[in-house]
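Values below: every heavy atom of this structure, side chains too, minus hydrogens, waters and symmetry copies. Chain identifiers are assigned alphabetically (A, B, ...) following the order of the sequence lines, protein sequences preceding nucleic acid strands; residue numbering begins at 1 within each chain.
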There are 2 protein chains.
Amino acid sequence: MQATAEQRGKGRIRLANEADILHAAERVFARAGYAGATMADIAACAGIPKSNLHYYFGTKRDIYRAVLTHILALWLAPADSIREDNDPRTALAGYIDAKMALTASHPDASRVFACEVLHGAAEIGDILRTDLRLLVERKAAVIERWIAEGRMAPVDPRHLFFTIWAATQTYADFETQVCAVLDLPALESADISRAAAHVKTLLLRGCGLA
Amino acid sequence: MQATAEQRGKGRIRLANEADILHAAERVFARAGYAGATMADIAACAGIPKSNLHYYFGTKRDIYRAVLTHILALWLAPADSIREDNDPRTALAGYIDAKMALTASHPDASRVFACEVLHGAAEIGDILRTDLRLLVERKAAVIERWIAEGRMAPVDPRHLFFTIWAATQTYADFETQVCAVLDLPALESADISRAAAHVKTLLLRGCGLA
DNA sequence: GTCTATATCAGGATAGAC
DNA sequence: GTCTATCCTGATATAGAC
């Protein structure tokens, strides 16, 4: 007797099709960017007739925004491990692990996000300036207290976030470059594990948490 | 009596126009990506009639490749400071400074490169697998010797490059995000200096070079 | 409520003028 | 050798059929 989405006015077919379309769109946008992606590509990838995309979502931009909304929810979650009552080493290691796991499990989401920000974040700039900024401010305050208490080396906490994001997401966003240098056809989970270990070793030691 | 480009068959007008087009193209590709950039945008930005782009370069793709070629030359140069006869701290600090300076002086170049790699490096994949890979192998060997001699902490040298590239280029590629978090309208040179100091502090300490 | 045929438009490329 | 008018493909979006 739960209030299912269907009861709120969305049919089973619509729900399934919307999910398929969003999933396909993430793949296509990740590979070609917003402008490079075509409705035909997305439709083919989703196994749905081209013009149905407009029926379900209206415009290409609407699909793109829906994909980004989904990604942002994923992206803001992992910072939970950075809490005052955790010790700095556990907290930061947990955060890096969570970001690496996300990067490994959702590389296309990472790429869509990266491409959006790279081109000026026209769609999500507001969210970056509000939700993301607020999140970082709160977590930076925690890190600043740890530093004041002498529990880790003095590091600019906001820039620390930039470095952690960059160092982890590079394995999704620039996978091509990583594979070229390492002479690998693609990154396997063992490679990601090695990368995570490297990032933790380097950055934790950098924070005086070795 | 020097062998000028003009004497090799390129007129003054052509040289000036080609330079203007490449400069404009870098801006436009950085903002919109390959697919999102239009010949009309590039022409407007260069102050040249649209169809002249085809006269000077043939196709849009030819312009893109010319831009990428120029960027790659810039990108591979800074690794020179990593030499056996330098001490590790100076060498790595110099490399990070050089990468940050490049990022600050050529943010659009960084973005075009990032976007190309993000989407699979169809145009420059070969160069990444040859020139870049070779460069990293040579420099990684130097770093491995420093580690073997106990002159720095054990760090995977290839992954160290990934982290340095990511940590520095994020200030160009994801400037929008950095500005959103720091509540700045744009990154000034003072902000870049702070960022460079942060990256050096964090990564050098991470390499046991504090 | 779901799917298809069609209109409209923008953008890259070419043929030809100066 | 340099520049301009024009073509034509291909992509989004809509109107209408089932």
*asked:* Just the rounded figure in Å: distance from P of dG12(C) to CG of L53(B).
replied: 9 Å
*Selected nucleotide, minimal atom distance to K60(B) side chain, candidates dT2(C), dC3(D), dG12(C)*: dG12(C)
*Would a distance-only check, ignoring hydrogens and angles, find a side-chain to backbone donor-acceptor pair under 3.5 Å from K139(A) to P157(A)?*
no
Distance-only criterion, 3.5 Å: show the donor-acceptor pairs between side-chain atoms of residues 43-53 of chain B and protein atoms not counting sequence neighbours.
none

_Among dA5(D), dA13(C), dT2(C), the one nearest S51(B) by side-chain distance_ = dA5(D)
*Go through dA13(D), dT2(D), dT2(C) for me and flag the one nearest to the H54(A) side chain.*
dA13(D)
*Quick one: label A37(A) by what it contacts on the DNA or RNA (base, sugar-phosphate, nothing), any heavy atom closer than 4.0 Å.*
sugar-phosphate
*Using a 4.0 Å heavy-atom cut-off across all strands, classify I48(B) as base, sugar-phosphate, or nothing.*
nothing
*asked:* Considering every strand and a 4.0 Å limit on heavy-atom distances, what is the contact class for F57(A): base, sugar-phosphate, or nothing?
replied: nothing
*On DNA chain C, nearest-nucleotide positions of K50(A) versus Y56(A): which is more 5'?*
Y56(A)
*Check every strand shown and say whether T38(A) touches a base, only sugar-phosphate, or nothing at a heavy-atom separation below 4.0 Å.*
sugar-phosphate
*asked:* Looking only at the side chain of N17(A) (C-beta and beyond, no hydrogens), which of the listed nucleotides dA13(D), dC3(C), dA13(C) gets closest?
replied: dC3(C)
Just list the side-chain donor-acceptor pairs under 3.5 Å for residues 100-111 of chain A, sequence neighbours left out, or say none.
residue : atom : partner : partner atom : Å
T103(A) : OG1  : K99(A)  : O            : 3.1
S105(A) : OG   : A101(A) : O            : 2.9
S105(A) : OG   : L102(A) : O            : 3.3
D108(A) : OD1  : R31(A)  : NH1          : 3.1
D108(A) : OD1  : R111(A) : NH1          : 3.0
D108(A) : OD2  : R31(A)  : NH1          : 3.4
S110(A) : OG   : D173(A) : OD1          : 2.7
R111(A) : NE   : A172(A) : O            : 3.0
R111(A) : NH2  : A172(A) : O            : 3.2
R111(A) : NH2  : E175(A) : OE1          : 2.6

